[in-house]
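The figures here come from the full heavy-atom set of this structure, side chains too, leaving out hydrogens, waters and symmetry mates.
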Amino acid sequence: MSTLTLEPGVRSRTRIMAVMAASVVLAVALVAAVNLAIPTLAASELHPSQAQILWIVDAYVIVFACLLIPAGAAGDRFGRKGVLLAGLGVFAAGCLAAALAPDVVTLIAARALSGAGAAMVMPASLAITVGVYPPAERGAAVAAWTAATGAAGVIGNLGGGLVMQYLPWRALFGVPVLLAAALAALVAVMVPRVPRHPAALDLAGTVLLTAASVALLTGIIEGPEAGWGSGLVVTAFGVAAVLFAGFVAHQLRASAPLLDPRLFASARLRAGTLGVAVTFFGLFALFFVNARFLQEVKGFSPLLTGVAIVPLVIPMIVLSRLAGRFAPRPAVLAGLAGNVAGLALLSFAGATMPYPLYAAGLVIMGASMGLCLPVLSHEIMAALPRERAGLGSGLNSATRELGSAVGVAVMGTVMATYGMGTGYRVVAAVVLAGGLLTGWWLRPGARESA
């Protein structure tokens, strides 16, 4: 096996970073882009139910989330470049199947396949980014990668709006096939191979985690239609509890666990993962409802709806670049508090709310995310040794996507029963509770003793 042990030059690092950022943007943008298509999909020849619409969004995200950690371990074991190339291929195959789907079930399955590919792309891209930069520059590199993941949601809204404005909904899945092929060609040419590290692939743990997460989402998503006391929903929640308990027990016994619970003795790791999860819980709850609100309530076109989310990205990018200058705990607390404030403001959105006031909520959320997310991601990576960069990046990404999936499910479920405003307030309450616990774990005594 040919490996490079020397770090690339400055120009090469910059080009590699650009390709890694583009790869992760593609994987994350497709989550947000699909939200632009929800009104069109609801009226399409597939005739999906409300629960099926949530599954079309979340099938991608939940598989994405649950496979991220084993995909990170696979990158350590088999080579991050190879795993990244394989991920782009699987992602493209799933998108092609979605573009050609004859029914809702096929579309949901294809979305799950694309999510599996995205799971290989995301941790490999971060691990490659960390690996090609010298130690003194890794914090800035992680911040740039984090900014790309945050901006991806907005890019997905813009791209999705452009496609939905002029093309059929199937093109929303066809275009990423071409983009993934182009990125794979660039990765093959530009990215160096690096030494592999021993890493076990805990298949049993992966199956338990995935099954438990799907069972949890089934209970949340099917509740409004099936009834919260129905056999399906009660069984789903019960199975989720049993499987999550089984996952933890298996991890404690396994010789090479997927995610050793004992790692969370580190307050830095606990704070980073919870903070990232609740931040994306709020962001993707917003993305899920934003497109429907602007198109169905405000009468915006798909393209204008995509453009209307731009006020979120500018402060996010600016503050992501400055986040390394702030002390971790104040930056995180301010960021999560701003997230709650933005969600609270958006909970009053209605037909009579002027767009500038609505945009103010987006600006607050974008600024708060830019302030806290780079710090939280760095806390996760810093809590683990460099040779476990694959695990760290997988965990970092998994918490994002799991938070996103549950945020979409909770917002969709509460909104279907109680309305959009209540949905925002419930989401804000969850973010507030998570933020308080994150701040507690980041207090000086706990963080330094980790």
Side-chain angles (χ1 to χ4, degrees), residues 21-22 24-46 48 53-54 56-58 60-61 91 95 98-99 101 107 111 114 118 147-180 182 280 282-317 342 346 349 351 353-363 365-366 369 404 407-408 411-412 415 420 424:
V24 77
V25 163
L26 179 61
V28 177
L30 193 58
V31 181
V34 169
N35 293 316
L36 270 294
I38 287 175
T40 304
L41 278 169
S44 71
E45 72 280 8
L46 300 183
I53 288 174
L54 284 170
I56 289 169
V57 176
D58 264 356
Y60 179 94
V61 184
F91 174 86
C95 288
L107 176 57
R111 291 277 293 155
S114 291
T149 64
V154 178
I155 293 170
N157 274 276
L158 287 171
L162 187 63
V163 170
M164 295 306 301
Q165 183 74 33
Y166 299 109
L167 298 172
W169 66 265
R170 294 179 185 275
L172 190 65
F173 304 107
V175 171
V177 176
L178 303 176
L179 297 176
F280 275 79
L283 177 66
F284 277 81
L286 162 67
F287 283 156
F288 177 74
V289 75
N290 172 74
R292 300 187 74 172
F293 170 73
L294 292 179
Q295 292 181 67
E296 296 175 1
V297 178
K298 302 296 287 184
F300 286 20
S301 68
L303 180 57
L304 185 57
T305 298
V307 173
I309 200 73
V310 168
L312 186 146
V313 71
I314 297 174
M316 182 188 300
I317 292 175
L346 292 173
M353 175 180 276
Y355 172 73
L357 183 57
Y358 184 84
L362 302 181
V363 169
M365 288 198 67
M369 292 185 64
S404 300
V408 167
M411 173 58 90
M415 185 175 68
M420 186 182 73
Y424 270 123

Measuring from atom [atom1] of [X] to atom [atom2] of [Y], what distance do you get when rounded to the nearest 0.5 angstrom?
X: Met411; Y: Met420; atom1: CE; atom2: CE; answer: 7.5 Å
X: Leu346; Y: Leu357; atom1: CG; atom2: CG; answer: 8.5 Å
X: Leu46; Y: Trp169; atom1: CG; atom2: CH2; answer: 4.5 Å
X: Leu30; Y: Phe91; atom1: CG; atom2: CZ; answer: 4.5 Å
X: Leu167; Y: Leu172; atom1: CG; atom2: CG; answer: 9.5 Å
X: Thr40; Y: Gln295; atom1: OG1; atom2: CD; answer: 6.5 Å

Inset, instruction - Show your reasoning for whether side chain to side chain contact (heavy atoms under 4.5 Å, CB included) applies to Val31 and Phe287. - result: CA-CA 9 Å; Val31 181; Phe287 283 156; over 6 Å; no

Side chain proximity check, [X] to [Y], heavy atoms < 4.5 angstrom:
X: Tyr358; Y: Asn290; value: yes
X: Met415; Y: Tyr424; value: no
X: Leu286; Y: Leu362; value: yes
X: Phe293; Y: Thr305; value: no
X: Leu283; Y: Leu312; value: yes
X: Ile155; Y: Val313; value: no
X: Phe284; Y: Val61; value: no
X: Leu158; Y: Val307; value: yes

Inset, instruction - Say whether, by atom type as modelled, one donor and one acceptor occur between the side chain of Arg111 and the main chain of Tyr60 under 3.5 angstrom. - result: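 Side chain of Arg111 to backbone of Tyr60: no pair is present.
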
Inset, instruction - Return yes if some donor-acceptor pair links the side-chain N/O of Ser114 with the main-chain N/O of Cys95 below 3.5 Å, else return no. - result: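 Between the backbone of Cys95 and the side chain of Ser114 there is a qualifying donor-acceptor contact (under 3.5 Å).
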
Inset, instruction - Any chance you could lay out the side chain to side chain contact (heavy atoms under 4.5 Å, CB included) test for Val163 and Leu36, step after step, and finish with the verdict? - result: CA-CA 9 Å; Val163 170; Leu36 270 294; over 6 Å; no

Taking all atoms of both residues into account, what is the closest heavy-atom pair of [X] and [Y], and its distance?
X: Ala33; Y: Gly160; value: CB-CA, 4.1 Å
X: Met365; Y: Gly342; value: CG-CA, 3.8 Å
X: Met353; Y: Lys298; value: O-NZ, 2.7 Å
X: Phe173; Y: Val177; value: O-CG2, 3.6 Å
X: Leu54; Y: Gly412; value: CD2-CA, 4.0 Å
X: Pro302; Y: Gln165; value: CD-OE1, 3.3 Å

Legend entry - side chain to side chain contact (heavy atoms under 4.5 Å, CB included) assessment of Ile53 paired with Leu41: CA-CA 8 Å; Ile53 288 174; Leu41 278 169; 5.7 Å; no

